[in-house]
2 protein chains.
Amino acid sequence: MESRELAYFVAVAEELNFGRAAARLGIAQPPLSRAIQQLERRLGVTLLERTSRQVSLTTAGEVLLHEGRKALTTLESAERRAKRAGRVDPRLVLVMKPGGDAGLLEQVLDRYAEHPEAVEVEVMICGIGEQEGFLRDGTADLAMLRLPHDDPSGFATEELLTEREVVVLQRNHRLAGRKSVRMSDLAGEILPRWTDECPSSGPVVRDTGQVTQLIALGRTIAVLPQSVTLHLRRDLVAVPVIDGHLTTLLIAWSEESRSRPLAAFVRTAAEVAAAHTGVEAAG
Amino acid sequence: MESRELAYFVAVAEELNFGRAAARLGIAQPPLSRAIQQLERRLGVTLLERTSRQVSLTTAGEVLLHEGRKALTTLESAERRAKRAGRVDPRLVLVMKPGGDAGLLEQVLDRYAEHPEAVEVEVMICGIGEQEGFLRDGTADLAMLRLPHDDPSGFATEELLTEREVVVLQRNHRLAGRKSVRMSDLAGEILPRWTDECPSSGPVVRDTGQVTQLIALGRTIAVLPQSVTLHLRRDLVAVPVIDGHLTTLLIAWSEESRSRPLAAFVRTAAEVAAAHTGVEAAG
DNA sequence: CGGTTTTACGGAACACGTAACCATG
DNA sequence: CATGGTTACGTGTTCCGTAAAACCG
């Protein structure tokens with residue numbers, strides 16, 4: 001199967017309409033129609049049921065859509081990584097969301113820079129939940145992921161640290177003076193809605209900047225990893241949540257990577273995190 | 001990047017010789033040479049350093065070789081799975097090595113057959129360490145893997161059970177009467193060399209049949225998971241190894257799979273394993 | 001009829017093979 | 001000088017776009 005054919009099929013399967021798919025691909029409908037027919041002939045399988053008014057996926061089509069998307073991103077990833085590896089200045093690209101390093105990164109970068117095999121590290125800040133995509137498609141070599149929110153499947157990972165959660169509140173909130181709270185104390189509060197989560201009816205937010213702004217305005221409160229307290233606005237307070245989730249910070253990279261600079265970076269990050277945990281436990 | 005180009009590159013990168021690579025691909029050298037040039041031009045990266053006597057990989061070439069191999073197998077996997085999904089009789093293919101189910105599979109199959117959404121399950125017996133390949137390339141939907149020997153990275157997995165190891169001996173071996181042994185007791189013994197392991201100087205073996213035969217002949221002894229005792233030849237004995245590794249049996253499947261019959265099978269396997277563990281713990 | 005997919009046809013691009021060429025050990 | 005990669009050139013396939021036809025609500 002040629003990757004071009006597969007990309008064509010994925011476009012049609014996503015649009016469920018040959019015309020729109022062709023427009024998206026920048027070609028005319030007829031070649032697209034023929035390409036799909038040829039693909040079906042070669043596979044010996046019907047992928048799409050079409051009437052002249054409706055296109056739908058067969059079971060085989062659904063399978064090829066899911067698995068094919070993965071195959072295409074893997075292919076693009078290979079291409080991007082090879083391109084990057086060919087650049088004259090070797091470098092690592094690390095992607096994280098704002099605050100997604102639990103305050104570890106600065107120290108990791110400093111320490112890594114002292115390493116004999118160190119290369120330049122480009123830190124790329126992305127939106128929430130975008131890390132995986134950049135790592136999968138080869139734009140980045142390393143990503144900071146947060147369990148259980150992010151999905152590390154398909155990557156090699158190393159656990160850096162595990163944190164309790166805190167609830168972030170306006171200074172004059174009824175719970176602001178508490179030493180700690182339980183989740184049950186938060187019943188009835190308005191919690192923000194992160195873009196992908198359906199439940200709860202609070203305001204829709206996309207990043208922590210928006211959340212903190214809304215908290216400061218008294219429109220919501222949020223349960224976040226403890227490390228947010230490192231850079232919290234002065235007008236907000238954080239109270240530990242006794243029975244909150246444990247969130248784990250991971251550093252993730254492509255399983256295929258055999259790069260020595262990358263391995264060194266991961267090792268450094270793990271060492272710094274281990275030291276950090278020791279300090280926290282002691283303090 | 002077209003998958004054909006990538007396959008050409010991988011062939012050259014593996015052979016480090018355009019002529020042999022062309023022969024392997026079933027084409028003439030010149031088109032291959034041009035295809036590689038075109039790929040390099042399109043990526044804007046030099047992948048191979050060639051003199052007329054020697055071909056070697058650049059850094060970018062190494063990256064593309066590793067990542068590209070993965071991309072190609074993912075592509076083939078998508079193709080195989082789509083083909084299989086298009087067949088009239090839906091079925092699951094489970095791959096394992098002989099004895100690789102720790103005696104669980106029969107019960108799992110029986111119980112799964114009673115499930116309302118059950119489909120036919122084809123059990124495929126492969127050589128040692130071949131499971132991953134068949135799962136990766138889409139030939140199988142499910143595999144039984146054994147930690148730490150097999151590598152489950154890139155798959156979704158569910159732990160079934162964890163076993164101690166036993167040492168398998170000829171009946172009149174000096175240790176055969178022991179209730180248990182330690183690894184240090186085995187110092188000086190000749191251990192078999194599994195195909196991929198370099199150390200140890202014992203006989204090279206490929207499957208448990210060969211191993212048991214050699215043990216019966218007094219040529220070697222072997223440390224294996226406890227479950228081998230379920231089907232051990234009468235002329236051999238097994239002695240628990242106190243400080244042996246713990247080996248974990250996993251059931252693994254493609255992360256992309258969204259198939260309900262597959263999910264049901266995994267659930268059934270986990271349930272049966274849990275019950276089994278309960279029995280063992282009690283007994 | 002209206003919107004959508006498929007068939008028909010002509011042209012351009014691409015990939016292949018043979019043969020000649022060139023470079024290095 | 002021989003082994004092995006590259007360039008040159010002619011041929012066949014494939015892929016595309018336009019135009020016309022078939023299909024279904």
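These numbers were taken from a predicted model, which means no experiment stands behind them. Chain A is the first sequence line, chain B the second, and so forth, proteins listed ahead of strands; every chain is numbered from 1. Worth knowing before you read on, the calculation uses all heavy atoms, side chains too, and leaves out hydrogens, waters and symmetry mates.
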Donor-acceptor under 3.5 Å (A:Thr58 side chain, A:Leu47 main chain): yes
Exam field: side chain B:Tyr112 to backbone B:Pro261, donor-acceptor pair closer than 3.5 Å: yes
Given atom [atom1] of [X] and atom [atom2] of [N], what is their separation to the nearest angstrom?
X: B:Leu39; N: C:dA15; atom1: CG; atom2: P; result: 11 Å
X: B:Ile36; N: D:dT6; atom1: CD1; atom2: P; result: 9 Å
X: A:Gln37; N: D:dC15; atom1: CD; atom2: P; result: 13 Å
X: B:Glu40; N: D:dG5; atom1: CD; atom2: P; result: 14 Å
X: A:Arg41; N: C:dT6; atom1: CZ; atom2: P; result: 12 Å
X: B:Leu48; N: D:dT6; atom1: CG; atom2: C1'; result: 14 Å
X: A:Glu2; N: C:dC14; atom1: CD; atom2: C1'; result: 12 Å
X: B:Tyr8; N: C:dA15; atom1: OH; atom2: C1'; result: 8 Å

Nearest atoms (heavy-atom pairs only) where B:Leu145 meets B:Gln131: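 Here B:Leu145 and B:Gln131 meet closest at CD2-CB, 3.7 Å.
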Salt-bridged, [X] to [Y], with N to O below 4.0 Å?
X: B:Glu79; Y: B:Lys83; result: yes
X: A:Arg69; Y: A:Glu14; result: yes
X: B:Glu255; Y: A:Lys70; result: no

Between [options], spot the one nearest the side chain of [X], thanks.
X: A:Arg4; options: D:dC15, D:dG5, C:dT5; value: D:dC15
X: A:Pro31; options: D:dC16, D:dT6, C:dT5; value: D:dC16
X: A:Thr51; options: C:dC16, D:dG5, D:dC24; value: D:dC24

Pairwise 5' ranking along DNA chain D for A:Gln29 and A:Glu5, keeping only the more 5' one: A:Glu5
For atom [atom1] of [X], is the number of surrounding heavy atoms from other residues, nucleotides or ligands below 6.0 Å larger than 12?
X: A:Gln54; atom1: CD; result: no
X: B:Arg258; atom1: CZ; result: yes
X: B:Arg24; atom1: CZ; result: yes

Near-strand residues of residues 13-27 of chain B, defined as heavy-atom separation under 4.0 angstrom from DNA chain D: B:Asn17, B:Phe18, B:Gly19
Using the 3.5 Å cut-off, write out each protein N or O paired with an N or O of nucleotides 20-23 of chain C and the distance between them.
from: C:dA23; atom 1: N3; to: B:Ser52; atom 2: OG; distance (Å): 3.0

Sugar-phosphate only, base, or nothing, as touched by A:Gln54 at under 4.0 Å among non-hydrogen atoms: nothing
Touch class at under 4.0 angstrom, heavy-atom based, for A:Gln38 against every strand present: sugar-phosphate
Any B:Arg50 side-chain N or O less than 4.0 Å from OP1/OP2 of D:dT6: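 So the side-chain polar atoms of B:Arg50 do come within 4.0 Å of the phosphate oxygens OP1 or OP2 of D:dT6, strictly under.
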Below 4.0 Å: OP1/OP2 of C:dT5 and any side-chain N or O of A:Ser33: no
No-H, no-angle donor-acceptor pair, B:Arg34 side chain to D:dG5 base, under 3.5 Å: no
For A:Arg50, side chain to side chain donor-acceptor pair (under 3.5 Å) partners two or more places apart: A:Glu40
